[in-house]
Trainee: 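Attaching a single structure in structure tokens format; questions to follow.
Nothing fancy with the numbering, it's 1 onward along the sequence.
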Amino acid sequence: MEDDAPVIYGLEFQARALTAQTAETEAIRFLVGTQSLRYDNQIHVIDFDDENNIINKNVLLHHAGEIWQISANPTDKSVLATCYNKTLDSKVMTCAAVWRIPKELQAGSQESPDDSSSNAQSLELLCHLDNVTHGNMACVTWEPLGDGKKLLSLADNHLMIWDLQESSTKSVLSSSAALEGKGQLRFTCGRWSPHHNCTQVATANDTAIRGWDIRSMRQIYCIDNAHGQLVRDLDFNPNKQYYLASCGDDCKVKFWDTRNINEPVKTLEEHSHWVWSVRYNHSHDQLVLTGSSDSRVILSNMVSISSEPFGHLVDDEDLSDHEENQQEEKTKEPLQDSIIATYEEHEDSVYAVEWSSADPWLFASLSYDGRLVINRVPRALKYNILL
């Protein structure tokens, strides 16, 4: 069944952490982490059954604390990392750890009867990313094309690369760098570039975006006032090296070519409040998702700065004579950027948007009240891109 109607799932708790299960390319699966002060926090493993338009879920207990971020291992679908709060000597610390989903749940077979189910299983702790000396963890992200044994973490003003050893049960700090400068410098987010043999990462602190070469742990570019206010999120174009998207509290989404950082290539001003999340589609990078505190999710068609600015390149052999004539009539001019759709199924701040790793036309969004919405790219646009 292919229908453009959204599918909504409500968690019983507040939530802000969402990721697609990157290593899972067959099933449509998302992981959501809760933020509850009174109960054990949970990771909800959400399987979307595309044919029947229904959601199946499993609940795993995350005893460690409120979950601020989840990152899925790119090669092993049973492994994930979280950033979470824990109270230590009446001080709240944000820590990070690597976990394994118990074997019997990896297939996504059973379904928990409800969120508070007493028989819910717990995540298995593999190792902590020790940050006692480095301060509060802001984010953890895996090396995108690696073997699932390398992680980047940001804590206060420290950038750290970790190697996982002994079946991921031990983390070793392999290199680190610190932000130097006046005032209290603190990273807000970071992304690992899938280009340049995964040797570059981008980080945000306050209104600045910085690029780093992880071989030398040196800064390679700095966009000082990338946004008028705090930068909330970054994402690299998966198919076009040097291209980076950013969003922030100035309600803007900006697109950068990191070789020329004096000004953005493009700016979107469609949201009316802080923009928390920006994501490029993995296959069709003209499709860009954003989520904001204005409770809206916006799907944009940024085709002019995509890897296919003249539209989809169709193989002549795939076309009938009639279609071939039609193709020739289409003059080769760059296509126009546009807003494809604005989604208003949320009633609270949308903290995260993510594309499915199994279906390029499907995406999820999560708002703070625990509402997860699964949507599809409008069918008309899908065929427009494909044909």
Trainee: Would a distance-only check, ignoring hydrogens and angles, find a side-chain to backbone donor-acceptor pair under 3.5 Å from Arg29 to Thr22?
Mentor: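 Side chain of Arg29 to backbone of Thr22: no pair is present.
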
Trainee: Could you tell me whether the side chain of Ile209 reaches within less than 4.5 Å of the side chain of Trp256, counting heavy atoms only?
Mentor: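 A side-chain contact under 4.5 Å exists here.
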
Trainee: Would the Tyr242 and His196 ring centres measure less than 6.0 Å apart?
Mentor: yes

Trainee: Ser349 side chain to Tyr351 main-chain N or O, any donor-acceptor pair under 3.5 Å?
Mentor: no

Trainee: For residues Ser171 and His128, is any side-chain donor paired with an opposing acceptor at under 3.5 Å?
Mentor: no

Trainee: Suppose the criterion is ring-ring contact (aromatic ring centres under 6.0 Å, His included): which pairs have a residue in residues 81-103, not counting sequence neighbours?
Mentor: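 Of all non-adjacent pairs touching residues 81-103, those that pass ring-ring contact (aromatic ring centres under 6.0 Å, His included) are His62-Tyr84, His62-Trp99.
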
Trainee: Hey, does the side chain of Ser295 reach the backbone of Asp348 with a donor-acceptor pair shorter than 3.5 angstrom?
Mentor: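 Pair found, side chain donor or acceptor close to backbone of Asp348.
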
Trainee: Using side-chain heavy atoms (C-beta onward) and a distance below 4.5 Å, is Pro264 in contact with Phe255?
Mentor: no

Trainee: What do you reckon, are the aromatic ring centroids of Phe13 and Tyr39 less than 6.0 Å apart?
Mentor: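 Between Tyr39 and Phe13, which both carry aromatic rings, the centre distance is below 6.0 Å.
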
Trainee: Has the side chain of Trp162 got a donor or acceptor atom that lies under 3.5 Å from a matching backbone atom of Lys150?
Mentor: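 Absent.
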
Trainee: Might you point out which heavy atoms bring Ser283 and Pro360 nearest each other, and give the distance in Å?
Mentor: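 For Ser283 versus Pro360, the nearest heavy atoms are OG-CB, 3.6 Å.
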
Trainee: Any side-chain heavy-atom pair from Leu60 and Val45 closer than 4.5 angstrom?
Mentor: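 Touching, per the 4.5 Å side-chain cut-off.
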
Trainee: Would the Phe30 and Phe363 ring centres measure less than 6.0 Å apart?
Mentor: no

Trainee: Can you tell me how far apart CG (Asn73) and CG (Leu126) are? Round to the nearest 0.5 Å.
Mentor: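 Separation between the atoms: 10.0 Å.
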
Trainee: Between Ile261 and Asp224, is any pair of side-chain heavy atoms under 4.5 Å apart?
Mentor: no

Trainee: Please evaluate residues Asp250 and Lys252 with respect to the criterion salt bridge (charged side-chain N to carboxylate O under 4.0 Å, His left out), reporting the C-alpha separation (whole Å), side-chain torsions for both, the decisive distance (0.1 Å), and the verdict.
Mentor: CA-CA 5 Å; Asp250 58 1; Lys252 293 176 183 172; 5.0 Å; no

Trainee: If only atom types and distance count, is the side chain of Arg371 paired as donor or acceptor with the main-chain N or O of Glu345 below 3.5 Å?
Mentor: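 Yes, because the side chain of Arg371 sits within donor-acceptor range (under 3.5 Å) of the backbone of Glu345.
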
Trainee: Tell me if a side-chain donor or acceptor on Ser193 pairs with a main-chain N or O of His195 at a distance below 3.5 Å.
Mentor: yes

Trainee: Do NZ/NE/NH1/NH2 and the carboxylate oxygens of Asp257 and Arg259 come within less than 4.0 Å?
Mentor: yes

Trainee: Working to the nearest 0.5 Å, report the span between CG of Leu154 and CZ of Arg191.
Mentor: 11.5 Å

Trainee: So, is the end of the Arg218 side chain (NZ or CZ) under 6.0 Å from the ring centre of Trp212 and within 45° of the ring's axis?
Mentor: no

Trainee: Would a distance-only check, ignoring hydrogens and angles, find a side-chain to backbone donor-acceptor pair under 3.5 Å from Thr34 to Ser36?
Mentor: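 Not at all, since once roles are kept as given, no pair shorter than 3.5 Å links the two residues.
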
Trainee: Residues in ring-ring contact (aromatic ring centres under 6.0 Å, His included) with Trp361, at least two apart?
Mentor: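 His284.
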
Trainee: Give me the atom names and distance for the closest heavy-atom approach of Ser293 to His273.
Mentor: CB-ND1, 3.2 Å

Trainee: With side chains defined as the heavy atoms from C-beta onward, is the minimum distance between Gln69 and Val140 less than 4.5 Å?
Mentor: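 In contact.
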
Trainee: Quick one: do Asp147 and Lys149 make a salt bridge, cutoff under 4.0 Å?
Mentor: no

Trainee: Would Arg279 count as a cation-pi partner of Trp355, with NZ or CZ less than 6.0 Å from the six-membered ring centre and within 45° of the ring normal?
Mentor: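 No; the conditions do not both hold, so Arg279 does not lie above the ring face of Trp355.
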
Trainee: Which value, rounded to the nearest 0.5 Å, describes the distance between Ser174 atom OG and Ile214 atom CD1?
Mentor: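 Those atoms lie 8.0 Å apart.
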
Trainee: Kindly indicate whether the side chain of Asp47, heavy atoms from C-beta on, has any atom under 4.5 Å from the side chain of Ile28.
Mentor: no

Trainee: Has the side chain of Asn205 got a donor or acceptor atom that lies under 3.5 Å from a matching backbone atom of Phe187?
Mentor: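 Side chain of Asn205 to backbone of Phe187, a donor-acceptor pair under 3.5 Å: no, none is there.
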
Trainee: What distance separates Trp192 CH2 from Thr203 OG1, expressed to the nearest 0.5 Å?
Mentor: 13.0 Å

Trainee: Looking at Gln21 and Lys77, would you say the former's side chain and the latter's main chain have a donor-acceptor pair under 3.5 Å?
Mentor: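 Answer holds: yes.
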
